[in-house]
There are 2 protein chains.
Amino acid sequence: MASVIRLLVLGVFRKHGGTTHGYAVHRQLAEWKVETWTSVKVGSIYHALKQLTKEGKLRAIATEESPEGPGRTIYELTENGEAEFFVLLEQALSSFDLEQLGAGVAFMEELRLERVVELLKGSLKRARKNRELLDGLAPTVANRSDPPHTKDLLELWSGHLSATASWTTDLIRRLEVGEYQFRDENPPN
Amino acid sequence: MASVIRLLVLGVFRKHGGTTHGYAVHRQLAEWKVETWTSVKVGSIYHALKQLTKEGKLRAIATEESPEGPGRTIYELTENGEAEFFVLLEQALSSFDLEQLGAGVAFMEELRLERVVELLKGSLKRARKNRELLDGLAPTVANRSDPPHTKDLLELWSGHLSATASWTTDLIRRLEVGEYQFRDENPPN
DNA sequence: TCAACGCTATTCAACATTGACTACCTCGGT
DNA sequence: ACCGAGGTAGTCAATGTTGAATAGCGTTGA
């Protein structure tokens, strides 16, 4: 699932009014400390730009000679790209993969609050189901002390899913008590 | 870090006496339920075999016409490959990445018990340090309720590291009370 | 008997990722 | 005046990943 970088790139384009260049994306992601909660690398940004362009989700509109340093290629978000953004966003918020889920949360206010809660509850359900699956597998594998220690490994993942689930639960609670301001809400007075 | 698949492949070779073919590796990994605790895919096995061969860590010794189905290429583990296995194994047991750590644990009895405990303690220390780093970053980022919600995302990772750390702590405890049988130990009587 | 399915065993092309490299500019210090 | 560090902006080749495709063989049930 390589869609994290694509979601991030498209999200930055929206935040920047639909028009930017690679380095600005880079700076924005750095400002957001994205390296701490994903494994995206700088090089991938430019690849994503090219790939998204090839797919008609971005359009290269100019090569600006920047005052400082080399010229930059300016891209523009297309309608197709907008659509892709929302597809990826919904996917991300439905996932229980750390990076995916994180990237989704970063842009969650682009959806309606109710929709976000709905998707997160789906993610939670899936995480729990997966956890039960792992726990259910445990009796079918060999002893904990026998290599390759599948039982131990299943527990490692189970614990990880558990941690994700409680974080998500907490986030849903905060969303439901209105701790986050969404565009379509009235501010509390 | 793509080394998980390489460690797994080399590990299967050792378990199979240093000589096997791709499909056997595939079956072994399936038997170990590796898909549940890593994201390795079948296709990657064959790539790893070729790459390791190019690097002199495996040697293609024959193309056997198998009784059922197509012919299989038999590979043999070289001395170079043995060395690589131990490098990757130590790396994996020092990591706090889920897949990496898991793959390391799967083959941990190839090292001495004391060494495994030492490496796991290192991993634990690194995980804790990383967690502190994330927690230390929290005050420097914007409000939890401001996009991209970096604070929330840092907490997600912090929780994840926490879960990994307690699993590792538990494993170390079990290792230290002798719940796992290592080759160089005397069986308890 | 024979079609459909699933197992055996691998290849391949398309796509993604990475890190190193290029190259240009500014600014502060010596 | 010149050097080095660091910011700006991106390319590229090597490497890795994925899913689909290929293709032969055995089994089973209609």
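For the numbers below, each heavy atom of this structure counts, side chains included, while hydrogens, waters and symmetry mates do not. Below, read A as the first sequence line, B as the second, and so on, with proteins coming before strands; counting in each chain starts at 1.
- OP1 or OP2 of C:dC15 has not a single side-chain nitrogen or oxygen of A:Lys50 nearer than 4.0 Å.
- Looking at the side chain of B:Val42, the nearest of the listed nucleotides D:dT15, C:dT10, D:dA9 is C:dT10.
- Rounded to an integer number of Å, the gap from A:Ile45 CD1 to C:dT18 C1' is 13 Å.
- Ranking C:dA9, C:dC15, D:dT18 by closeness to the B:Tyr46 side chain, first place goes to C:dA9.
- Here the closest heavy-atom approach between residue B:Leu119 and residue B:Ser94 is recorded as CD2-OG, 3.5 Å.
- Contacts of B:Gly22 with the nucleic acid, taken as non-hydrogen atoms under 4.0 Å apart, involve only primed sugar atoms and P, OP1 or OP2.
- For the pair B:His47 and D:dT17, the criterion of a side-chain N or O lying under 4.0 Å from OP1 or OP2 is not met.
- Taking side-chain N and O atoms only, A:Lys41 has a distance below 4.0 Å to OP1 or OP2 of C:dT18.
- Between A:Gln28 atom CD and D:dG7 atom P the separation is 18 Å, expressed in whole Å.
- For B:Ile5, taking side-chain heavy atoms from C-beta onward, the closest of the listed nucleotides D:dT17, C:dT10, D:dG10 is D:dT17.
- The ring of B:His26 has its center closer than 6.0 angstrom to the ring center of B:Tyr23.
- Among the heavy atoms of the strands, none lies under 4.0 Å from A:Thr63.
- Rounded to whole Å, the distance from OH on A:Tyr75 to P on D:dG10 is 7 Å.
- Here the closest heavy-atom approach between residue B:Leu49 and residue B:Gly22 is recorded as CD1-CA, 3.5 Å.
- The shortest distance between the side-chain N/O atoms of B:Arg27 and the OP1/OP2 oxygens of C:dA9 is below 4.0 Å.
- Applying the 6.0 Å contact sphere to NZ of A:Lys33 captures no more than 12 heavy atoms from other residues, nucleotides or ligands.
- Rounded to an integer number of Å, the gap from A:Tyr23 OH to D:dG6 P is 13 Å.
- Proximity note for A:His21 (side chain, C-beta onward) versus C:dC15, D:dG10, C:dT10: the nearest is D:dG10.
- Residues B:Trp32 and A:Leu153 form no side-chain contact, since every pair of their non-hydrogen atoms from C-beta on lies 4.5 Å or further apart.
- The side chain of B:Arg72 has C:dA9 as its nearest neighbour among C:dA16, C:dA9, D:dG16.
- Atom pair B:Leu52:CG and D:dG16:C1' shows a separation of 12 Å (rounding to whole Å applied).
- The listed nucleotides are C:dC15, D:dG10, C:dT10; the one nearest the side chain of A:Thr73 is D:dG10.
- Nearest to the side-chain atoms of B:Gln51 among the listed nucleotides D:dG16, C:dA16, D:dT18 stands D:dG16.
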